[in-house]
Amino acid sequence: MDGASTLGFISVLPPLIAIVLAFWTRDTILSLGIACLVGVFLAGEGLLGFPNLMKEALGNESFSWIFLLEIFIGILIAFFQRTGAIQSFADLVGRRQASKKRIGITTWFMGLFVFFSDYFSPVFVGSTMRKVTDKVKMSREKLAYICDSTSAPVSVIVPITGWAVFISGLLIGLGPIQNEADALDVFTKSIPFNFYAVLSVLLVGLIASGIIKDFGPMRKAEERAHKEGKLVRDGSTPLVSKELTNIKPYFNDRLLSIAWNFFLPVLLIITIAVGTYIGLGSAKTMEAFLAAVIFLGIIMRIQGIPVKDIMDTALNGIKGIMPAVMILVFAYTINALSEQMGTANYLIQTTETWLNPGLLPAITFLLAAVIAFSTGTSWGTFGIMIPIAVPLALGFAGGEIDTVVLATIAAVAGGGVFGDHCSPLSDTTILASTGAAVDHIDHVRTQIPYSMVVGIIGLAIYLGLGLIG
């Protein structure tokens with residue numbers, strides 16, 4: 001099939017099935033898998049077409065690169081927990097006494113610092129700061145909000161995180177984006193257009209510092225905590241704070257050095273990723289995380305942790321990252337299927353007479369938010385939306401990477417986080433409730449007004465860009 005060919009309406013059915021099933025089943029992996037299987041039959045490839053499609057989509061250097069990177073991220077997070085780095089950092093922060101405003105700002109800064117994992121961040125920051133925020137009578141709802149809104153929004157606007165790698169991986173093969181270097185470069189250029197994520201992070205800082213006063217249900221929660229000393233609502237059912245996984249520190253009687261087991265590995269990642277981006281024009285993210293894993297693995301052995309225990313911990317980290325990998329597998333597969341069936345060509349042909357390219361980012365932002373809200377997963381939303389929206393934007397741009405393309409990529413990323421923040425099904429929202437030890441629905445109810453304000457502002461900016469364009 002040539003670049004302008006399409007199977008017509010049939011080419012739209014696989015991604016459409018994925019979206020409908022995602023709404024219905026709330027299982028992104030199952031939805032993408034069924035959509036790929038149905039698409040193969042619609043394309044007339046038969047039963048053997050499915051494994052052949054997967055071999056074509058996954059049997060390449062690009063997928064191997066992102067697959068290995070996700071594995072290294074999972075291992076590193078597991079190592080952090082096994083060495084007791086989480087507990088060490090909690091003890092370090094808890095030694096100082098400060099005002100409620102200063103504690104709020106400190107919590108915000110911690111969320112900014114722990115940028116490399118949206119799963120690790122809310123549990124780590126919440127469990128670390130909870131005792132400190134309790135002392136200054138900060139409601140658990142507000143702690144959960146700070147943790148939640150400085151996890152995914154930060155992760156999605158830093159070009160050396162797993163989120164950046166995941167989104168970049170989905171971009172590979174679309175239009176002029178031929179390899180990981182191209183993908184990371186395009187993703188980095190799209191960051192200034194991710195209005196929801198940027199404004200969410202800024203709003204947390206303004207709320208935590210008191211520059212913007214609390215409003216809506218959050219204000220009532222704060223008044224309850226301040227006046228009555230009740231950190232949680234009467235009758236609520238707080239989620240018990242737990243580790244990100246069941247991995248516990250190896251040594252029960254002592255804590256290992258936080259410098260060697262936390263700060264140095266993180267510094268190593270930042271140094272290699274940023275250094276290679278500046279020096280070589282391409283951030284060697286996979287190499288950075290691999291170096292940190294090797295470094296921390298050696299340090300763990302030197303500190304007396306057996307090799308077998310280190311390997312078992314690494315395997316647990318790999319198991320923990322597999323859901324993200326499976327989403328990536330089917331996202332790559334449906335991307336290849338859409339390209340074969342000419343989905344983007346059909347959408348362009350049927351919408352070019354009425355769809356203003358400038359409106360595409362706004363429409364993409366809304367659709368991504370709805371999907372993420374319904375499924376509770378940002379990454380699943382990326383896997384569904386990027387293979388649809390980005391080729392459409394590239395078609396409008398004549399194959400060039402212009403403002404519409406960058407804004408569309410950012411709209412998918414920001415819309416996914418927006419819907420995720422408002423969804424009680426979201427894993428990161430659940431983790432934030434867990435880290436803060438607050439009733440989950442109380443957290444969602446108090447966070448939604450803040451998310452809606454930022455979402456409306458972001459949508460208005462996208463519409464404004466469309467009018468200017």
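The chain is numbered in sequence order, starting from 1. As the structure is a prediction and not an experimental result, all values here were calculated from the model.
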For residues 194-205, which side-chain N or O atoms pair as donor and acceptor with protein atoms under 3.5 Å away, sequence neighbours left out?
| residue | atom | partner | partner atom | Å |
| --- | --- | --- | --- | --- |
| N194 | OD1 | A197 | N | 3.3 |
| Y196 | OH | H421 | ND1 | 2.9 |
| Y196 | OH | S451 | OG | 3.4 |
| S200 | OG | Y196 | O | 2.8 |

Original post:
Heavy-atom distance under 4.5 Å between the side chains of D420 and T381, does that happen here?
Top reply: no

Original post:
Got V38 and I34 here, is their nearest side-chain heavy-atom distance under 4.5 Å?
Top reply: yes

Original post:
How long is the span from the CE atom in M385 to the CG atom in L170, to the nearest 0.5 Å?
Top reply: 12.0 Å

**OP:** Please confirm whether the backbone N or O of P306 pairs with a side-chain atom of R301, one donor and one acceptor, at under 3.5 Å?
**Re:** no

Subject >> L360 backbone acceptor or donor facing T364 side chain under 3.5 Å >> reply: yes

Original post:
Is any side-chain heavy atom of P122 closer than 4.5 Å to a side-chain heavy atom of D148?
Top reply: no

Subject >> Distance-minimising heavy-atom pair for I448 and C422 >> reply: CD1-O, 3.7 Å

**OP:** Start with the C-alpha gap between I310 and F79, add the side-chain angles, then the distance that decides, and say whether side-chain contact (heavy atoms from CB on, under 4.5 Å) holds.
**Re:** CA-CA 8 Å; I310 295 173; F79 280 0; 3.7 Å; yes

Original post:
Between OG1 of T107 and CG of L112, what distance do you get to the nearest 0.5 Å?
Top reply: 11.0 Å

**OP:** Decide if atom CD of Q178 counts as having more than 12 heavy atoms of other residues, nucleotides or ligands within a radius under 6.0 Å.
**Re:** yes

**OP:** Rounded to the nearest 0.5 Å, what's the gap from CG on L53 to CG on L58? Could you check?
**Re:** 8.0 Å

Original post:
How about T313 and Y250: do any of their side-chain heavy atoms sit closer than 4.5 Å?
Top reply: no

**OP:** Looking only at non-hydrogen atoms, find the nearest pair between H443 and S433 and report the distance.
**Re:** CD2-OG, 3.2 Å

Original post:
Under 6.0 Å from the CZ atom of F41, do we count more than 12 heavy atoms belonging to anything else shown?
Top reply: yes

Subject >> Non-hydrogen side-chain atoms of D185 and T188 separated by less than 4.5 Å >> reply: no

Original post:
Taking all atoms of both residues into account, what is the closest heavy-atom pair of A314 and I75, and its distance?
Top reply: O-CG1, 3.6 Å

**OP:** For V329 and M54, run side-chain contact (heavy atoms from CB on, under 4.5 Å): C-alpha distance rounded to whole Å, both residues' side-chain angles, the deciding distance at 0.1 Å, then the answer.
**Re:** CA-CA 8 Å; V329 165; M54 294 194 71; 3.5 Å; yes

**OP:** Take V417 and W163 through the side-chain contact (heavy atoms from CB on, under 4.5 Å) test and state the conclusion after the steps.
**Re:** CA-CA 11 Å; V417 176; W163 286 62; 3.9 Å; yes

**OP:** Report yes if some heavy atom in the side chain of T429 is under 4.5 Å from a heavy atom in the side chain of S423; otherwise report no.
**Re:** no

**OP:** Indicate the atoms forming the closest heavy-atom contact of S190 with A410, along with that distance.
**Re:** O-CB, 3.4 Å

Original post:
Just how far is it from atom CD1 of I177 to atom CG of N179, taken to the nearest 0.5 Å?
Top reply: 10.0 Å

Original post:
Should the pair F295 and W260 be assigned to parallel (<30°), tilted (30 to 60°) or perpendicular (>60°) ring geometry?
Top reply: parallel

Original post:
Which atoms form the tightest heavy-atom contact between M341 and P14, and what is the distance?
Top reply: SD-CG, 3.8 Å

Original post:
Roughly how far, to the nearest 0.5 Å, is the CZ atom of F72 from the CD atom of E287?
Top reply: 9.0 Å

**OP:** Determine yes or no for a side-chain-to-main-chain donor-acceptor pair under 3.5 angstrom, with S149 supplying the side chain and I146 the backbone.
**Re:** no

**OP:** Taking the side chain as every heavy atom from C-beta outward, state whether T333 and L337 have any atom pair closer than 4.5 Å.
**Re:** no

Original post:
What pairs with Q303 under side-chain contact (heavy atoms from CB on, under 4.5 Å), at least two apart in sequence or on another chain?
Top reply: L256, N261, I299

Original post:
Are side-chain heavy atoms of L394 and I401 found at a separation under 4.5 Å?
Top reply: yes

**OP:** Hey, could you give me the CG/CG distance between L290 and L268, rounded to the nearest 0.5 Å?
**Re:** 10.0 Å

Original post:
Of all heavy-atom pairs between A368 and A411, which one has the smallest distance, and what is that distance?
Top reply: CB-O, 4.3 Å

Original post:
I167 and V156: side-chain contact (heavy atoms from CB on, under 4.5 Å), yes or no, with the steps?
Top reply: CA-CA 9 Å; I167 295 173; V156 82; 3.8 Å; yes

